[in-house]
Amino acid sequence: MKKFLAAMVLMTMMTFALPLSADAQTRRGRSYRTRTYYSQTYQRPSFYRRHRNVVNMGVATGAGALLGGIIGGKKGAGIGALLGAGGGALYTYKIKPKRRRY
């Protein structure tokens with residue numbers, strides 16, 4: 001009975017909180033995607049384009065830690081994270097470096 005009551009209370013709270021949180025996510029007014037400087041308008045680069053190096057290194061580190069953890073437990077996860085970070089750095093900075101587009 002306690003579990004049922006707790007579930008009902010939580011579901012009731014969510015019915016009121018969900019519409020309020022969805023409304024809070026909309027933007028009103030000025031858009032921040034485009035900016036104008038001296039009559040030149042450009043579009044802001046995407047999140048990935050701005051943080052490409054960090055995203056690639058983080059994904060490679062996570063993948064290495066996951067594989068190392070599956071293969072060798074805790075110690076393997078640490079070694080896998082180090083190897084993944086090294087591989088991610090090699091890929092990001094040497095194999096496919098950023099190319100500036102003007």
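Count residues from 1 along the sequence.
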Using atom types as modelled, flag every donor-acceptor pair under 3.5 Å from a side chain in residues 57-75 to any protein atom, sequence neighbours excluded.
| residue | atom | partner | partner atom | Å |
| --- | --- | --- | --- | --- |
| Thr61 | OG1 | Met57 | O | 2.8 |

**Request:** Would you mind listing every side-chain hydrogen bond (donor to acceptor under 3.5 Å, both in side chains) that reaches into residues 80-93, with sequence neighbours excluded?
**Result:** none
**Message:** Working to the nearest 0.5 angstrom, can you tell me the gap between Arg52 CZ and Ser46 OG?
**Reply:** 11.5 Å
**Asked** Between atom CG of Asn56 and atom OH of Tyr48, what is the distance when rounded to the nearest 0.5 Å?
**Response** 3.5 Å
